[in-house]
Amino acid sequence: MKTKKIPLRSCVITKERLPKQELIRVVRTPEGSVVVDPTGKINGHGAYLKKDIQVFEKAKKGNALSHHLEIEIPDSVFEQLNELLK
């Protein structure tokens, strides 16, 4: 029996390659807004973050996420990310 291929994605902060289930996707939509995408299916340019509060803090402190998405990230996005972990 064939084993099912697990898609791997890279965290933009830690650079770890992890299965999609262990990551959260943040998307810059075609309209120019930034949203958290728990389903992984929203249209737009996406960046993945590891599901870890320390990674979220590094993303907020540094500019890696905003650099990757090429747009300023509002604080409401980081609040949504923290709510998803609780």
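This one's a predicted model, so the numbers in the text were calculated from it and none came from an experiment.
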**Study point:** His45 atom NE2: more than 12 heavy-atom contacts under 6.0 Å
**Key:** yes

Exercise for review: Using side-chain contact (heavy atoms from CB on, under 4.5 Å) as the criterion, list what pairs up with Asn63, not counting sequence neighbours.
Suggested key: Ser66

Review point. In the hydrophobic cluster built from side-chain contacts under 4.5 Å, what are the other members alongside Leu18?
Key: Leu23, Tyr48

Review point. When rounded to the nearest 0.5 angstrom, what is the spacing between CG in Asn82 and NZ in Lys60?
Key: 7.5 Å

Review point. Does some side-chain heavy atom of Val26 sit less than 4.5 Å from a side-chain heavy atom of Leu81?
Key: yes

Point to revise | Closest contact, heavy atoms only, Gly32 versus Ile71 | key: O-CD1, 3.0 Å

Revision key, fill the gap. In terms of heavy-atom contacts, Pro30 and Gly44 come closest through CD-CA, 4.1 Å

Exercise for review: Output every pair passing salt bridge (charged side-chain N to carboxylate O under 4.0 Å, His left out) with a member in residues 76-85, not counting sequence neighbours, ordered by first then second residue.
Suggested key: none

**Study point:** Distance, nearest 0.5 Å, that separates NE2 of His68 from CD1 of Ile13
**Key:** 10.0 Å

Review point. So do the side chains of Leu84 and Phe56 get within less than 4.5 Å of each other, counting heavy atoms only?
Key: no

Study note, to complete from the structure: Minimal heavy-atom distance between Asn43 and Val27, with the atoms involved, is O-CG1, 3.6 Å

Revision key, fill the gap. Shortest non-hydrogen pair, Glu72 vs Val34, comes out as O-CG2, 4.2 Å

Practice item. Verify the cluster assignment for Ile73 and Leu85: are they in a single hydrophobic cluster under the rule of side-chain heavy atoms below 4.5 Å apart? Key: yes

Review point. For the side chain of Arg25 and the backbone of Ile42, is there at least one donor-acceptor N/O pair under 3.5 Å apart?
Key: yes

Check your understanding: Hey, any chance Phe78 and Ile24 share a hydrophobic cluster, counting ILVMFWY side chains that come within less than 4.5 Å of each other, even indirectly?
Key -> yes

Point to revise | Residue pair Gln21 / Lys51: nearest heavy atoms and the distance that separates them | key: O-NZ, 3.1 Å

Exercise for review: Nearest 0.5 Å please: distance from the CD atom of Glu57 over to the CD atom of Gln54.
Suggested key: 7.0 Å

Check your understanding: Applying the 4.5 Å side-chain criterion to the ILVMFWY set and letting contacts propagate, would Val36 and Leu65 be lumped into a single cluster?
Key -> yes

